Number of protein chains: 2
Amino acid sequence: MGRPSVQDQRKKEVLDAFMSCVVRYGVEGATLEHIAAQAGLKRPLIRHHLGNRKAMVLALGEHVVETFSKQTETLRVALDEHPDVRNLIEALFNSDGEMDPRINICYQALVNSIEIYPELRKPLLESMEAFYKVAIDIVLASHPKADKQACEIVAHGIINLFITTDAFVPLKPPKTWGYSSYFAALKLAETLEEKP
Amino acid sequence: MGRPSVQDQRKKEVLDAFMSCVVRYGVEGATLEHIAAQAGLKRPLIRHHLGNRKAMVLALGEHVVETFSKQTETLRVALDEHPDVRNLIEALFNSDGEMDPRINICYQALVNSIEIYPELRKPLLESMEAFYKVAIDIVLASHPKADKQACEIVAHGIINLFITTDAFVPLKPPKTWGYSSYFAALKLAETLEEKP
DNA sequence: AAATTGACTGTCAATACTGATAGTCAATTT
DNA sequence: AAATTGACTATCAGTATTGACAGTCAATTT
């Protein structure tokens, strides 16, 4: 009884605002005031919903990992029918709005905060491992005759090339940088083709 | 006349301490107190040597870019005699202490601060472009008959794979992650070989 | 309508951080 | 030895940030 709780929804909104602030100001630079302004709420409410600073950062970690995992799962499902390396690369590099670019930046920001918040390490590590695994599975399904180790290497390489591209976004680099990673990923994929 | 100035030397020491703090706490988390403790100095001295916060961050930017450029130049000179792609990859991935791992992390942290300190963008962009250029020149010299565009893509790819590896260091990932990037770089290099 | 529950606000205290200034001490020149 | 210059220290004021708590308002149940 009593007033119905919107805690779950509101908490997600606040975490989303937190994410935007981390992208702009970094983990330590994202103050309660910034987050509140971004979320359109008063400062004390942030604390009300997320707790003190440490709890906030850990909650952000969970949120980022959760969102990241959902994107990973979406990718897996999308390529389940036609698990082709080219489709994987297209999905990664030409996903129009499918993947939230903030996730990658936040992920890196949180990785760099591990020394202060060691609890972040495990979930961050595991979610990235899951991402790699999906890519590996797609490459393996795509090239059943190829060497397994080669497939793993190619999958890792494609993902890593994708990650770097995102990391440079705030630098507003020339488009060629992005294209190069994309074409390098394609070249990497080609190494798995049969050589007659 | 007067007491001899150690400003230049001390400034570099302070900037080095700043760099270490940025690796640990991020750009906004690296407080004057942290930096002073790291440098073994009193807090007001940091200001004395580097000026206010904005000047400090810009000075750090210059310092990181300068160090990065020196490493780039070292790489270029080291591979000038035998400009081979494999040597490039070895130099990048198996450089024992040659490359300061803090540079990469600081570089990324500064990239993420561009929105707050827009002056950082140009030097950061240019120094990375110089890094790419050295790699491209080595690949071109190594494969004079190969398609030029292909060489550029491969060079970009190798560098990007290297960068990702460094970015994950705070996550303490399994060694396989590093190996995968290394082998992916090798595979990418192989795509330039002549196909009979 | 009363009670209950939770979202939300206002406000204060404690602390952390930066900016700034006056002043001390050390090394060099004349 | 006096003067000069710069490294370094002590300390204060102003602001930003967090933490905490009391209290108001809204929505739902009984």
Side-chain angles (χ1 to χ4, degrees), chain A residues 1-61 63 109-110 113 115-117 119-120, chain B residues 1-61 63 109-110 113 115-117 119-120:
Chain A
M1 46 183 154
R3 184 173 178 170
S5 176
V6 292
Q7 184 109 26
D8 289 356
Q9 173 60 19
R10 189 69 82 246
K11 191 173 175 180
K12 279 182 189 171
E13 287 173 21
V14 173
L15 284 171
D16 203 68
F18 194 3
M19 235 169 70
S20 293
C21 288
V22 167
V23 170
R24 262 194 222 161
Y25 309 106
V27 173
E28 299 305 312
T31 65
L32 291 174
E33 212 67 63
H34 281 148
I35 299 166
Q38 177 74 27
L41 300 171
K42 298 286 179 177
R43 180 174 68 79
L45 259 190
I46 309 302
R47 174 177 162 69
H48 174 68
H49 286 296
L50 299 188
N52 66 12
R53 188 139 249 282
K54 181 167 185 182
M56 281 173 59
V57 175
L58 298 186
L60 180 67
H63 185 244
L110 289 171
S113 301
E115 203 165 341
I116 303 170
Y117 306 100
E119 301 94 327
L120 289 172
Chain B
M1 47 185 154
R3 184 173 177 170
S5 175
V6 293
Q7 185 109 29
D8 290 355
Q9 173 59 20
R10 189 70 81 247
K11 192 172 175 181
K12 279 182 189 171
E13 288 174 19
V14 173
L15 284 171
D16 202 69
F18 194 3
M19 235 169 69
S20 293
C21 288
V22 167
V23 170
R24 262 194 224 164
Y25 309 107
V27 173
E28 300 306 312
T31 66
L32 291 173
E33 212 67 64
H34 281 146
I35 300 166
Q38 177 75 27
L41 299 170
K42 297 285 179 178
R43 180 174 69 80
L45 260 189
I46 308 301
R47 173 176 163 71
H48 175 68
H49 286 296
L50 299 188
N52 65 15
R53 187 139 250 280
K54 181 167 184 182
M56 280 172 59
V57 175
L58 297 185
L60 180 67
H63 185 244
L110 289 170
S113 301
E115 202 165 342
I116 303 171
Y117 306 100
E119 302 94 326
L120 290 172

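Lettering of chains follows the sequences in order, A, B, ..., and the numbering in each one begins at 1. No experiment lies behind these values; they were computed from the predicted model shown. In what follows, every heavy atom counts, from backbone to side chain, and hydrogens, waters and symmetry copies are set aside.
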Open item on the list: Using 0.5 Å steps for rounding, measure from the CZ atom of B/R53 to the CD atom of B/E28.
Closed with: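 The distance works out to 6.0 Å.
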Open item on the list: I need the B/S20 OG to B/H34 NE2 distance, nearest 0.5 Å.
Closed with: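 Here the rounded value is 12.5 Å.
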Task: Side-chain heavy-atom pair B/V14, B/L45 within 4.5 angstrom cut-off - done: no
TODO: Check the pair A/R43, A/T31 against side-chain contact (heavy atoms from CB on, under 4.5 Å), reporting the backbone distance first and the verdict last.
DONE: CA-CA 10 Å; A/R43 180 174 68 79; A/T31 65; over 6 Å; no
Output the rounded distance in Å from [atom1] ([X]) to [atom2] ([N]).
X	N	atom1	atom2	value
A/L50	D/dT18	CG	P	12 Å
A/N52	C/dT15	CG	C1'	15 Å
A/M56	D/dT17	CE	C1'	11 Å
A/L45	C/dG10	CG	P	11 Å
A/R43	C/dT9	CZ	C1'	12 Å
A/E33	D/dG19	CD	P	13 Å
B/H34	C/dT18	NE2	P	10 Å
A/I35	D/dT18	CD1	C1'	12 Å

Phosphate contact ([N] OP1 or OP2) by [X] side-chain N/O below 4.0 Å:
X	N	result
A/H48	C/dA7	yes
A/H49	C/dG6	no
B/Q7	D/dA7	yes
B/R53	C/dG19	no

Task: Test side-chain contact (heavy atoms from CB on, under 4.5 Å) applied to A/H63 and A/L50, A/L58, A/L15, the passing residue - done: A/L15
Open item on the list: Can you tell me the base-pairing partner of C/dT30? Count Watson-Crick or G-U wobble geometry only, both distances below 3.5 Å, and say none if there is no partner.
Closed with: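 D/dA1 - that is the nucleotide pairing with C/dT30, both distances being under 3.5 Å.
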Task: Under 3.5 Å on both distances, the Watson-Crick or G-U partner of D/dA10 - done: C/dT21
TODO: Using the test side-chain contact (heavy atoms from CB on, under 4.5 Å), find all partners of A/K42 that sit at least two apart in sequence or belong to another chain.
DONE: A/P44
Task: B/M56 vs B/L32, side-chain contact (heavy atoms from CB on, under 4.5 Å): CA-CA, chis, key distance, verdict - done: CA-CA 10 Å; B/M56 280 172 59; B/L32 291 173; 3.4 Å; yes
Task: Nucleic acid contacts - residues 8-32 of chain A versus DNA chain C, non-hydrogen atoms under 4.0 Å - done: A/R10
